[in-house]
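Since the structure comes first, as structure tokens, the remarks are kept for the end.
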Amino acid sequence: MTPSEKILSRLDAVQQRAPGKWLARCPAHDDKRPSLSVQVAEDGETLLAHCFAGCPPGDVLSAVGLNLADLYATRYEHKGRKGPHFTAKDALLTLDFELLFLSVLASDMQAGRPVNDSDIERLALAGRRIERMREICRV
């Protein structure tokens, strides 16, 4: 099952807006009109989810029984192997996703949305993942 099939099957009032782009009701808040944007990233494997009401991605996914790893077609987990197991493409996709998260968070903060504990936890995760990709790429 693709990431888009996995998440879209759990959402209400899903409307396809264009190929690879949907709008749905956000499950993390009492959404009267669809405010959750879901789209397939340019890589064709990563799913992007953004609630225009300001719900953090982790809260949105948690509300439907998923987590951030479910946004990726390829799992980026270490299975006990020694040494890097990421390809350069994996590293770039991870960095791209984390930079998108940082960009959305910065925009939300600029718009005056308060930063909550979930945002801080996700920010820390982004930092760890970026540092891990730097280690793998030996930067």
Side-chain angles (χ1 to χ4, degrees):
M1 180 179 284
T2 67
S4 57
E5 292 168 335
K6 193 181 296 184
I7 192 171
L8 294 172
S9 67
R10 298 170 187 227
L11 298 174
D12 293 328
V14 176
Q15 307 163 9
Q16 186 160 14
R17 304 306 246 178
K21 295 182 180 185
W22 300 268
L23 218 77
R25 286 192 186 130
C26 177
H29 73 275
D30 187 22
D31 204 359
K32 303 293 184 218
R33 296 183 331 189
S35 66
L36 179 66
S37 170
V38 178
Q39 72 179 45
V40 177
E42 286 183 20
D43 64 26
E45 296 181 2
T46 306
L47 196 65
L48 308 173
H50 176 73
C51 175
F52 290 101
C55 297
D59 292 356
V60 172
L61 294 168
S62 178
V64 293
L66 299 174
N67 60 52
L68 291 170
D70 293 309
L71 295 176
Y72 296 96
T74 304
R75 293 287 183 153
Y76 300 115
E77 297 174 18
H78 196 283
K79 304 258 191 246
R81 289 174 271 172
K82 293 185 180 179
H85 63 284
F86 287 79
T87 65
K89 180 180 176 183
D90 292 338
L92 287 172
L93 290 173
T94 300
L95 289 171
D96 181 62
F97 183 80
E98 296 307 336
L99 290 172
L100 175 65
F101 164 75
L102 294 173
S103 176
V104 169
L105 181 62
S107 294
D108 287 350
M109 291 172 65
Q110 186 176 23
R113 186 176 77 79
V115 176
N116 60 36
D117 289 343
S118 178
D119 293 330
I120 299 296
E121 288 175 26
R122 183 61 185 89
L123 183 59
L125 174 62
R128 288 191 305 271
R129 293 182 80 197
I130 290 169
E131 184 56 34
R132 179 69 178 131
M133 293 306 104
R134 293 183 77 234
E135 289 171 9
I136 287 169
C137 296
R138 294 177 176 82
V139 175

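Along the sequence shown, the residues carry numbers beginning at 1.
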Are L8 and L23 connected in a single hydrophobic cluster, I mean Ile/Leu/Val/Met/Phe/Trp/Tyr linked by side-chain heavy atoms less than 4.5 Å apart?
no
If you group Ile, Leu, Val, Met, Phe, Trp and Tyr by side-chain heavy-atom gaps below 4.5 Å, do W22 and F52 land in one group?
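The answer is no; the residues belong to distinct hydrophobic clusters.
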Within the 4.5 Å heavy-atom criterion, are [X] and [Y] side-chain neighbours or not?
| X | Y | answer |
| --- | --- | --- |
| P34 | L11 | no |
| R122 | E98 | yes |
| F97 | L48 | yes |
| P56 | D119 | yes |
| L71 | L61 | yes |
| V60 | C26 | yes |

For I130 and L102, run side chain to side chain contact (heavy atoms under 4.5 Å, CB included): C-alpha distance rounded to whole Å, both residues' side-chain angles, the deciding distance at 0.1 Å, then the answer.
CA-CA 11 Å; I130 290 169; L102 294 173; 3.9 Å; yes
[atom1]-[atom2] distance between [X] and [Y], expressed to the nearest 0.5 angstrom:
| X | Y | atom1 | atom2 | answer |
| --- | --- | --- | --- | --- |
| L105 | Q110 | CG | CD | 11.5 Å |
| D96 | M133 | CG | CE | 13.0 Å |
| T94 | L99 | OG1 | CG | 10.5 Å |
| L123 | F101 | CG | CZ | 5.5 Å |
| H50 | L100 | NE2 | CG | 9.0 Å |
| K32 | R25 | NZ | CZ | 8.5 Å |

Identify the heavy atoms of H29 and A53 that sit nearest to each other, and give their distance.
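Nearest pair, atom of H29 first, then A53: CE1-CB, 3.5 Å.
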State whether D108 and R113 are salt-bridged, where the test is any N-O pair (Lys NZ or Arg NE/NH1/NH2 against Asp/Glu carboxylate O) under 4.0 Å.
yes
Please indicate whether E5 has more than 12 foreign heavy atoms, meaning atoms of other residues, nucleotides or ligands, lying under 6.0 Å from its CD.
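Check passes, neighbour count above 12.
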